[in-house]
Amino acid sequence: MARKSLPPLTIRAARKGDAPALARMMNRLRAHHGNPRGRATAAAVRRDGFGAKRCYEVLIAEIGGMPAGYILFHDAYDPTEAERGFYMGDLHVEAPARRRKVGRALMAALAREAKRRKHDFLWWISNGWNDAARAFYAGLGAEDEPVVAHALSGKALDALAAETVRPTSVA
């Protein structure tokens, strides 16, 4: 029996016109992580990913011209090793494209971009409960790091920002 050929997989830098598709995929990723109120909008993606001061970059995967996934990243720096790298904020593959090596292709494209820019590392976090993601990353050769992630937002961020801190004397 002849194998059905699949449409080609392409990976390219995301463009401003991809903002609606990226927002949809970002919100699906948030829902998968248990946060059904993903707030990504096309306007926010255009502002933060393609505006005057870009906060991140995105590579988008397409199968047959249709969005199949994305990887979102930004520059990072490791002062201990004095190395430049990328922090990967998101890796998402649409459900119909899973198990077709789209995630691996996105990671390989990001690794090539890191090497092209003379970066030394890729770094990211994953949820401890996400065994599938952890197994996927281990299959790439990634090692778990003993790190605890911290986040400050909402009222706690507002309260800290409002503080006026004065040094205290040492006895």
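- Closest of all the heavy-atom pairs between C55 and H74 is O-CB, 3.6 Å.
- For W124 and Y137, the ring centers sit closer than 6.0 Å to each other.
- Nearest heavy-atom pair, P20 versus R46, reported as atom, atom and distance to 0.1 Å: CD-NH1, 4.3 Å.
- Distance check: L122 CG to F73 CZ gives 9.5 Å after rounding to the nearest 0.5 Å.
- With respect to the salt-bridge test (charged N to carboxylate O, under 4.0 angstrom), the residues K115 and D120 do not qualify.
- P8 is not listed as a side-chain neighbour of I63, based on a closest heavy-atom distance of 4.5 Å or more.
- The line from CE of M107 to CG of L110 is 6.5 Å long, rounded to the nearest 0.5 Å.
- Linking ILVMFWY side-chain heavy atoms closer than 4.5 Å, directly or via other members, places M88 and L106 in a single hydrophobic cluster.
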### Task
Kindly indicate, with the supporting measurements, whether the criterion salt bridge (Lys or Arg N to Asp or Glu O under 4.0 Å) is fulfilled by D18 and R12.
CA-CA 11 Å; D18 296 317; R12 61 171 175 79; 2.7 Å; yes
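- Proximity of T41 to R47: side-chain heavy atoms (C-beta onward) are nowhere separated by under 4.5 Å.
- Using a 4.0 Å cut-off between charged side-chain N and carboxylate O, R30 and D90 make a salt bridge.
- Hydrophobic clustering (side-chain heavy atoms under 4.5 Å, transitive across Ile, Leu, Val, Met, Phe, Trp, Tyr) groups V45 together with I60.
- Using cut-offs of 30° and 60° for the angle between ring planes, the W123 and Y87 rings count as tilted.
- Although no hydrogens or angles enter the test, the distance criterion places no donor-acceptor pair under 3.5 Å between the side chain of N127 and the main chain of N130.
- Closest approach of P7 and R100 over heavy atoms only: CD-NH2, 4.4 Å.
- Here the side chains of Y70 and L72 are in contact, with some heavy-atom distance below 4.5 Å.
- Salt-bridge formation is detected for the pair D144/R134: a Lys NZ or Arg NE/NH1/NH2 atom is positioned less than 4.0 Å from an Asp or Glu carboxylate oxygen.
- Contact between E94 and P67 at its shortest, heavy atoms only, is CG-O, 4.1 Å.
- In this structure N27 satisfies the side-chain hydrogen bond (donor to acceptor under 3.5 Å, both in side chains) test with no other residue, sequence neighbours excluded.
- With rounding to the nearest 0.5 Å, the separation of CD in E57 from CD in E113 is 7.0 Å.
- Both F50 and M25 are assigned to one and the same hydrophobic cluster, defined by single-linkage of ILVMFWY side chains at heavy-atom distances under 4.5 Å.
- Looking only at atom types and distance, the side chain of D48 has no donor-acceptor partner in the side chain of Y56 under 3.5 Å away.
- Atoms OG and CG, from S153 and L160 in turn, are 12.0 Å apart once rounded to the nearest 0.5 Å.
- A donor-acceptor distance shorter than 3.5 angstrom exists from the side chain of R98 to the backbone of V93, with no hydrogens or angles considered.
- Taking the centre of each ring, H119 and F86 come in below the 6.0 Å mark.
- Smallest separation of non-hydrogen atoms from R104 and G139: NH1-O, 3.6 Å.
- Looking at V102 and L9, their side chains come closer than 4.5 Å, going by heavy atoms from C-beta outward.
- Remark: L59 CG to L91 CG distance equals 10.5 Å, nearest 0.5 Å.
- For the atom pair CZ (R112) and CD1 (I11), the distance works out to 7.0 Å, reported to the nearest 0.5 Å.
- Salt-bridge check for R15 with E62: failed, with every basic side-chain N at 4.0 Å or more from each acidic carboxylate O.
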